[in-house]
Amino acid sequence: MKKLTKGVVAAIVLVLAVILGANSLYTVREDQYACTVRFSKIIATNDQAGLHFKVPFLDSVKYFSKATMLYDIPPTEVLTSDKQNMTVDCYLLWKISDPLRFYQTLGSTTVAEERLNALTYNALMTAMGTLTQSDIVNMEDGGQRNEIYDSIATSVDALTDTYGIQVVDVKIKQFDLPESNLSAVYSRMISERNQMAEKYTADGNYEASIIRNEVDKQVNIIISDAQAEAAKLEAEGEAEYMRLLAEAYNTPDKQEFYAFTQALDALKQSLTGEEKTVILDRDSDLAKILMGSGS
């Protein structure tokens, strides 16, 4: 009986030792903070991975993630500097930097996201309040967008330091227009683009008219110069022709022969039509030749 009693006691002691051992040990992963809580207060914080000890039954362990977390903020409306509503869809990257302060001020990730939502909304209101709606719609410069993101992230990070939170980045996924004024804004944008197109067309037509006028002017100058040069060449040709005639017919006989050939040519030209009658003076040399009485 005594041996049985000793065995039972030993078994109970062993069970108690296992229970005490199990409640005295806890593990921490690489991506975790482990906070030892005693009577609802954190008495120690451990971020070293491995096996650690705590007081059994009195202490509990609260774990928080070290990893960077993404919080997708619900789309919210903000007011631009020209008093126009814009819907902003953005997300935020954040992580716990001080688990003790995080536990004391917020206590959970859900509460932290609610606080981040409010702080980010206020920062968005401040940043968007410096821009007009047209600036936002027409924004194409990536550097300018990054400046907006950085200013929002810096503003939110400065406010969340008291909660043991570090804001890594804020990015805007999409700017959009509220449904109530979407059609009006699109119509205004189309009208502005049409006005720009008309201006470009008018400027192009004006430049084209200047170019056409200049080309016409140059063409007229070239034609005028060419006509003057042609008249000059023609006059020089006629002068040369007359000089050659004078040299060729430099005696009375030659001159008389030239006059006779010219008369024959004139007669030939006059006989080209249907009328074949020619009237000549009986004293003309041409009449005497044709009648067979000339020399």
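The minimum heavy-atom distance between F102 and S108, with the atom names listed, is CZ-O, 3.6 Å. The shortest non-hydrogen separation linking E77 to M125 is O-SD, 4.2 Å. For the residue pair A34 and Y63, the shortest heavy atom distance occurs at CB-CE2, 3.9 Å. The two residues S151 and S155 come nearest to each other via the heavy atoms O-OG, 2.8 Å. Of all heavy-atom pairs between T162 and R101, the closest is O-CD, 2.9 Å. Of all the heavy atoms in I172 and C90, the pair that sits closest is CA-CB, 3.7 Å.
Y71 places none of its side-chain heavy atoms less than 4.5 Å from the side chain of T120. With a 4.5 Å cut-off on side-chain heavy atoms, D157 and D161 do not count as touching. Counting only heavy atoms from C-beta outward, the side chains of I96 and M69 approach each other to under 4.5 Å. I165 has its side chain within reach of L106: a pair of non-hydrogen atoms, C-beta onward, lies under 4.5 Å apart. Side-chain contact check for Y103 versus C35: every heavy-atom pair is 4.5 Å or farther apart. Proximity of W94 to T160: side-chain heavy atoms (C-beta onward) are nowhere separated by under 4.5 Å. Between L116 and V167, some side-chain heavy-atom pair lies under the 4.5 Å cut-off.
Atoms NZ and CD1, on K171 and I73 in that order, are 12.5 Å from each other to the nearest 0.5 Å. Between D98 atom CG and Q104 atom CD the span is 8.0 Å, to the nearest 0.5 Å. Atom NZ of residue K95 and atom OG1 of residue T68 lie 5.0 Å apart, to the nearest 0.5 angstrom. For the atom pair OH (Y206) and CD1 (I211), the distance works out to 11.5 Å, reported to the nearest 0.5 Å. The CG atom of L100 lies 12.0 Å from the OH atom of Y33; values are rounded to the nearest 0.5 Å.
The closest donor-acceptor contact from the side chain of S224 to the backbone of I221 lies at 3.5 Å or more, if one exists at all. Checked by atom type and distance alone, the side chain of Y163 never pairs as donor or acceptor with a backbone atom of R115 at under 3.5 Å. Using a distance-only test at 3.5 Å, with no hydrogens or angles considered, a donor-acceptor pair links the side chain of S97 to the main chain of G164. When atom types are taken as modelled, the side chain of N205 and the backbone of T201 share a donor-acceptor pair closer than 3.5 angstrom.
For NZ of K173, the number of neighbouring non-hydrogen atoms (other residues, nucleotides, ligands) closer than 6.0 Å is greater than 12. Within 6.0 Å of CD on E30 lie no more than 12 heavy atoms contributed by other residues, nucleotides or ligands.
Both V111 and L159 are part of a single hydrophobic cluster, where members link through side-chain heavy atoms under 4.5 Å apart. Taking hydrophobic clusters as Ile, Leu, Val, Met, Phe, Trp and Tyr residues chained together by side-chain heavy-atom distances below 4.5 Å, L93 does not share a cluster with V170.
Between K199 and D203, at least one side-chain N (NZ, or NE/NH1/NH2) sits under 4.0 Å from a carboxylate O, which counts as a salt bridge.
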Criterion side chain to side chain contact (heavy atoms under 4.5 Å, CB included) on I152 and L92, from CA distance to verdict: CA-CA 10 Å; I152 296 173; L92 181 142; over 6 Å; no
